[in-house]
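One structure is given here, and the rest of the page talks about it.
Any value given below was found using the heavy atoms of this structure, including those in side chains, with hydrogens, waters and symmetry copies removed.
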2 protein chains.
Amino acid sequence: MNVQIFSALAEPNRLNIVELLLEGPLQVGDIAKKLEMNQPQTSKHLRVLCDAGLVEVQPVANRRIYRIKPEPLQELDKWLNSYRRLWEARMDRLDDYLDVLQGKKTLN
Amino acid sequence: MNVQIFSALAEPNRLNIVELLLEGPLQVGDIAKKLEMNQPQTSKHLRVLCDAGLVEVQPVANRRIYRIKPEPLQELDKWLNSYRRLWEARMDRLDDYLDVLQGKKTLN
DNA sequence: ATAGAATATTCCTGTAAAGGAATATTTTGA
DNA sequence: TCAAAATATTCCTTTACAGGAATATTCTAT
């Protein structure tokens with residue numbers, strides 16, 4: 001699992017941008033307006049999201065339209081799924097572990 | 001969606017710890033050994049994971065056994081699901097947006 | 001009570017990242 | 001070609017965070 005997506009989403013403004021773009025593509029100015037950020041910071045955050053592959057640009061005339069790239073979200077989903085049975089059940093392996101501590105079992 | 005979980009998972013060592021603990025509870029020393037980190041940094045990262053609610057402690061004698069708390073992962077899963085249809089289809093709303101730009105439709 | 005094991009915390013330092021302000025760049029429209 | 005709009009980048013400053021080393025804390029066992 002690539003850590004970059006977590007890093008990109010760890011910033012509140014960027015998470016807001018992603019949630020906004022999930023509803024549809026937008027140009028920079030409108031993102032800034034809707035989220036009440038100023039333009040330079042918006043561009044900077046979009047750059048980070050771009051680098052993380054969460055977003056892509058489509059230049060149209062004067063504007064730059066940003067939209068979500070689903071791949072990283074799919075990857076995150078796959079990661080969660082691969083561990084789902086572990087964190088869903090979580091059948092207290094704690095008891096087993098206590099046995100290990102008491103020498104009844106061995107640790108790998 | 002709380003940003004704290006992303007922030008906690010944005011550090012490679014911490015992501016490793018989480019993936020390790022998903023397979024079962026472990027005490028600090030063993031985590032450090034398995035991930036080849038030294039003990040103080042391990043404790044520090046565990047603290048961050050604790051604060052983020054991703055992990056909980058169970059003191060047993062001398063040791064402290066850490067284990068996964070599934071709630072934040074469930075929350076993350078719910079977040080992904082709530083947007084799934086958006087990023088899965090992504091039916092190019094770009095065309096719609098281009099119409100907006102040309103004044104054929106209006107923006108909210 | 002005390003030594004020792006396991007773990008947590010503190011102090012220090014370097015580095016990365018975020019916001020503000022200013023400026024550069026790109027593209028359009030005339 | 002030129003002014004203006006939209007966006008990106010740079011510079012600066014402040015803050016947060018990570019690792020290393022040392023030390024404090026907590027608990028056990030004797």
Side-chain angles (χ1 to χ4, degrees), chain A residues 2-18 20-21 25-67 94 97-98 100-103 107, chain B residues 2-18 20-21 25-52 54-67 94 97-103 107:
Chain A
N2 184 11
V3 135
Q4 202 178 7
I5 183 182
F6 292 123
S7 175
L9 296 178
E11 211 281 332
N13 293 306
R14 283 198 294 266
L15 184 56
N16 288 335
I17 291 178
V18 166
L20 181 56
L21 287 184
L26 280 178
Q27 67 190 45
V28 179
D30 289 339
I31 298 173
K33 204 170 304 170
K34 287 213 181 194
L35 300 182
E36 296 180 343
M37 319 172 45
N38 48 36
Q39 179 267 317
Q41 336 295 337
T42 305
S43 283
K44 285 188 233 178
H45 285 309
L46 284 168
R47 182 124 165 58
V48 175
L49 292 173
C50 235
D51 290 346
L54 271 163
V55 137
E56 66 186 355
V57 207
Q58 166 120 9
V60 170
N62 224 358
R63 298 91 192 271
R64 299 213 161 195
I65 301 178
Y66 284 87
R67 56 177 161 176
L94 184 57
Y97 191 69
L98 293 182
V100 171
L101 284 183
Q102 295 174 3
L107 198 60
Chain B
N2 185 10
V3 135
Q4 202 178 5
I5 184 183
F6 292 123
S7 175
L9 296 178
E11 212 282 330
N13 292 306
R14 283 199 294 266
L15 185 57
N16 287 336
I17 292 178
V18 166
L20 180 56
L21 288 184
L26 280 178
Q27 66 190 44
V28 179
D30 290 338
I31 298 173
K33 204 171 303 170
K34 288 213 179 194
L35 299 182
E36 296 181 344
M37 320 171 43
N38 48 35
Q39 178 267 317
Q41 336 295 338
T42 306
S43 284
K44 284 189 235 177
H45 284 309
L46 284 168
R47 182 122 165 59
V48 175
L49 292 174
C50 234
D51 290 347
L54 270 163
V55 138
E56 66 185 355
V57 206
Q58 165 120 9
V60 170
N62 225 358
R63 298 90 191 273
R64 299 211 161 198
I65 301 178
Y66 283 86
R67 57 177 159 175
L94 184 59
Y97 192 69
L98 293 183
D99 292 343
V100 171
L101 285 184
Q102 296 174 1
L107 197 62

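- A close approach under 4.0 Å does occur between a side-chain nitrogen or oxygen of B:Y66 and OP1 or OP2 of C:dA8.
- Taking atom CD on A:Q58 and atom P on C:dT26, their separation rounds to 19 Å, with Å as the unit.
- The side chain of B:N13 contributes an N or O atom lying less than 4.0 Å from OP1 or OP2 of D:dG19.
- Summarising the geometry, the separation between CZ on A:R63 and P on C:dT27 is reported as 14 Å, rounded to the nearest angstrom.
- Listed nucleotides C:dA21, D:dA18, C:dA8 differ in distance to B:V28; the shortest reach to its side chain belongs to C:dA8.
- If you measure from atom NZ of B:K44 to atom C1' of D:dA16, you get 14 Å, rounded to the nearest angstrom.
- Looking at heavy atoms from C-beta onward, B:Q58 lies in side-chain contact with B:V60 at the 4.5 angstrom threshold.
- In terms of phosphate contacts, B:N38 brings no side-chain nitrogen or oxygen within less than 4.0 Å of OP1 or OP2 of D:dG19.
- Across the protein-nucleic acid pair, A:Q4 atom CD and C:dA16 atom C1' stand 14 Å apart, rounded to whole Å.
- The nearest heavy atom of DNA chain C to A:R14 and to A:R64 marks one nucleotide each, and the one closer to the 5' end goes with A:R14.
- Nearest to the side chain of A:Q27, among D:dT7, C:dT28, C:dA8, sits D:dT7.
- Atom CD of A:Q41 is separated from atom P of D:dC11 by 16 Å (rounded to the nearest Å).
- Counting heavy atoms from C-beta outward, B:L21 and B:L54 have side chains that stay 4.5 Å or more apart.
- Rounded to an integer number of Å, the gap from B:E36 CD to D:dG19 P is 14 Å.
- Counting to the nearest Å, the C1' atom of D:dC17 and the CG atom of B:D51 are 14 Å from each other.
- With D:dA6, C:dG19, C:dA5 as the candidates, the nucleotide lying closest to the side chain of A:N62 is D:dA6.
- Taking each heavy atom of A:E11 and B:V3 in turn, the nearest pair found is C-CG2, 4.2 Å.
- Looking at heavy atoms from C-beta onward, A:L46 lies out of side-chain contact with A:V57 at the 4.5 angstrom threshold.
- Judged by closest nucleotide on DNA chain D, A:Q39 is the one of B:Q39 and A:Q39 placed further toward the 5' end.
- Phosphate proximity of D:dT9 to A:R47: present, with a side-chain N or O under 4.0 Å from OP1 or OP2.
- Rounded to the nearest 0.5 angstrom, B:L49 CG and B:T42 OG1 are separated by 11.0 Å.
- Looking at the side chain of B:H45, the nearest of the listed nucleotides C:dT7, D:dA18, D:dA5 is D:dA18.
- Taking every side-chain heavy atom of A:P40 into account, D:dT9 is the closest of C:dC11, D:dA6, D:dT9.
- B:P59 comes within 4.0 angstrom of no nucleic acid atom, judged by non-hydrogen atoms across all strands.
- If you measure from atom CD1 of B:I65 to atom P of C:dT7, you get 9 Å, rounded to the nearest angstrom.
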